[in-house]
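Have a look at the structure below, then the notes.
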Amino acid sequence: MQEGMVIRTTGSWYRVLADSGCFDCRLRGNYRLRGSKQTNPVAVGDRVLFALQDDGTGIIHDVQDRRNYIVRRATKLSKQTHVIAANIDLLCIVATLGLPRTSTGFIDRLLVTAEAYHIPAAIIFNKSDLLADSGLQAMQHELTSLYRSVGYPVLEVSALTGSGLDGVAALIAGRTVLFSGHSGVGKSALLNALCPSLDLRVGDLSDWSLKGRHTTTFAEIHPITPPPPYHTQTTFLIDTPGIKEFGMVGFTVQEISLFFPEMRALLPDCHFANCTHRHEPRCAVKAALDEGRISAGRYRNYLAILDDIEETAGQYPA
Ligand code: GDP
Ligand code: ZN
């Protein structure tokens, strides 16, 4: 029996990357789905145990427990979910302050989703070359210290000039990584700069995915090794056509502050255990906000998320 990582799924075939090579595998006939809530038993990123057969293909006998995974609803109003990818080491949120301007609301939503899914997250501010001496540069520095103070790694880079890219290479080395962010922020340009052999189309207005290489609607993992001067280990890049679906599914108002680390830390000091930090008396989060220990911008984005949840309540099954 060998162990490997699923890097591609097509119908009933799974491509598994193991120490001894890459193998096309099928699932053992009597394999049972653990929960009926998921439509696919195996997703990219899953660690599996498989046995090679005489014809060179493999049979997957077991799927190891997932450290984390991201899902989308199988269909719009379905209770079933489809696992997009599993065992993600890092979500890299690519943002830009100019051309286009990424809102902190968008960044905070992605961070909340990452927290909820137990996926470590980092922020990469790209196109820093466009900000020289402008007010936007000061704003980028401010956001960088804000998010670092909350606990997230933040890099200020330029795919164009190469500035800061060694930091990105070090951040993603040896890890299974998902890049996310609005189109136009330079995800393709960043990845090309790190790994020219990827040869991604830059300037394409669609969502990022390794287009033209495959036509599947399933996610895929591409092992990439940045060449010198980066000298890093292989990175496993998650390429998902459904990246827009990486959003919040079925969250409740009560739990959102658990996904803001600086609020989560204060929750035990709130008078009410289920405090939503809006109008409740003796709220430690509001007190911290008044004293400037919590960012007013993050708090505003927090309230906006609560409003959204209340507006869509009932539309989405939890
Ligand atoms: P994606 O949609 O996120 O993959 O963005 P692309 O990689 O396609 O880049 C969108 C546009 O931004 C292209 O015209 C790139 O040339 C440009 N771009 C990407 N990175 C940078 C950068 O660091 N600085 C500048 N000035 N332009 C960039
Ligand atoms: Zn509170």
Side-chain angles (χ1 to χ4, degrees), residues 91-102 106-107 110 123-134 136-137 140 155-169 177-196 198-213 222 224 237-241 243-244 246 252-291 293-294 296 298-299 302-303 305-306:
L91 171 72
C92 282
I93 301 172
V94 184
T96 49
L97 287 207
L99 290 172
R101 170 76 155 272
T102 309
F106 177 80
I107 294 174
L110 280 185
I123 301 168
I124 300 173
F125 287 115
N126 188 34
K127 305 198 190 185
S128 295
D129 59 283
L130 294 178
L131 307 183
D133 304 324
S134 71
L136 289 178
Q137 188 163 46
Q140 180 171 290
L155 296 171
E156 301 181 72
V157 312
S158 166
L160 190 74
T161 67
S163 142
L165 292 189
D166 44 352
V168 179
V177 182
L178 178 64
F179 277 78
S180 192
H182 290 311
S183 60
V185 295
K187 295 179 293 299
S188 314
L190 263 176
L191 291 166
N192 276 343
L194 282 175
C195 189
L198 273 174
D199 199 20
L200 304 174
R201 214 157 40 182
V202 168
D204 201 327
L205 278 181
S206 55
D207 262 354
W208 178 73
S209 66
L210 304 186
K211 286 198 180 55
R213 300 183 168 231
H222 302 270
I224 62 161
L237 206 57
I238 303 172
D239 172 18
T240 159
I243 204 148
K244 273 207 168 128
F246 182 62
T252 66
V253 162
Q254 263 72 31
E255 69 191 329
I256 296 300
S257 73
L258 299 175
F259 307 140
F260 281 75
E262 70 274 49
M263 297 189 194
R264 179 170 63 217
L266 293 171
L267 186 59
D269 301 332
C270 290
H271 181 64
F272 295 105
N274 62 352
C275 188
T276 64
H277 324 301
R278 287 187 285 196
H279 316 292
E280 294 91 339
R282 291 160 70 189
C283 167
V285 169
K286 294 275 281 188
L289 182 70
D290 290 343
E291 292 163 19
R293 285 184 286 119
I294 277 194
R298 289 265 291 168
Y299 182 72
Y302 165 74
L303 293 182
I305 292 172
L306 298 195

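All ligand and atom numbering here is 1-based and tracks the order in the structure. Keep in mind it's a predicted model, so treat the numbers as computed, not measured.
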By number and element, which atoms of ligand 1 are closer than 4.0 Å to a non-hydrogen atom of S183?
2 (O)

H277 ND1 to C270 SG via the Zn ion (ligand 2), rounded to 10°, gives 100°

Rounded distance (nearest 0.5 Å) linking atom CD1 of I107 with atom OG of S180
11.0 Å

Would K127 count as a polar contact of ligand 1, with the cut-off being nitrogen or oxygen pairs under 3.5 Å?
yes

Hey, is CZ on R278 packed in by over 12 heavy atoms from elsewhere, all under 6.0 Å?
yes

Check the surroundings of atom CG in L99: do more than 12 heavy atoms from other residues, nucleotides or ligands lie under 6.0 Å from it?
no

Consider every N or O of S188 and every N or O of ligand 1, then say whether any pair is closer than 3.5 Å.
yes

Where ligand 1 meets D129 - atom numbers and elements under 4.0 angstrom, heavy-atom basis:
22 (C), 23 (O), 24 (N), 25 (C), 26 (N)

Name the orientation class of the two ring planes belonging to H277 and Y302 (parallel below 30°, tilted from 30 to 60°, perpendicular beyond 60°).
tilted

Would you check if Y299 and K286 make a side-chain contact, meaning some heavy-atom pair closer than 4.5 Å?
yes

Which part of L160 is near ligand 1, with near meaning a heavy atom under 4.0 Å away: side chain, backbone, both or neither?
both

Under 3.5 Å, is there a donor-acceptor pair between the side chain of S257 and the main chain of M263?
no

Atoms of ligand 1 less than 4.0 Å from A189 heavy atoms?
7 (O), 19 (C), 20 (N)

CG/L130 to NZ/K127 distance, rounded to the nearest 0.5 angstrom?
6.5 Å

Taking the minimum heavy-atom distance to atom 9 (O) of ligand 1, which of G186, G164, G162, G98 ranks first?
G186

The atoms of ligand 1 lying under 4.0 Å from a heavy atom of K187, numbered in the order shown, are 1 (P), 3 (O), 4 (O), 5 (O), 7 (O)

Quick note on ligand 1: atoms under 4.0 Å from a heavy atom of G184 include exactly 1 (P), 2 (O), 3 (O), 5 (O), 10 (C), 12 (O)

Counting from 1 in the order shown, the ligand 1 atoms closer than 4.0 Å to a non-hydrogen atom of S158 are 23 (O)

The Zn ion (ligand 2) to H271: any N/O/S contact under 2.8 Å?
no

Between OG of S128 and CG of L160, what distance do you get to the nearest 0.5 Å?
11.0 Å

Measuring from L155:CG to I123:CD1, what's the distance to the nearest 0.5 Å?
10.0 Å

N or O pair under 3.5 Å between L130 and ligand 1:
no

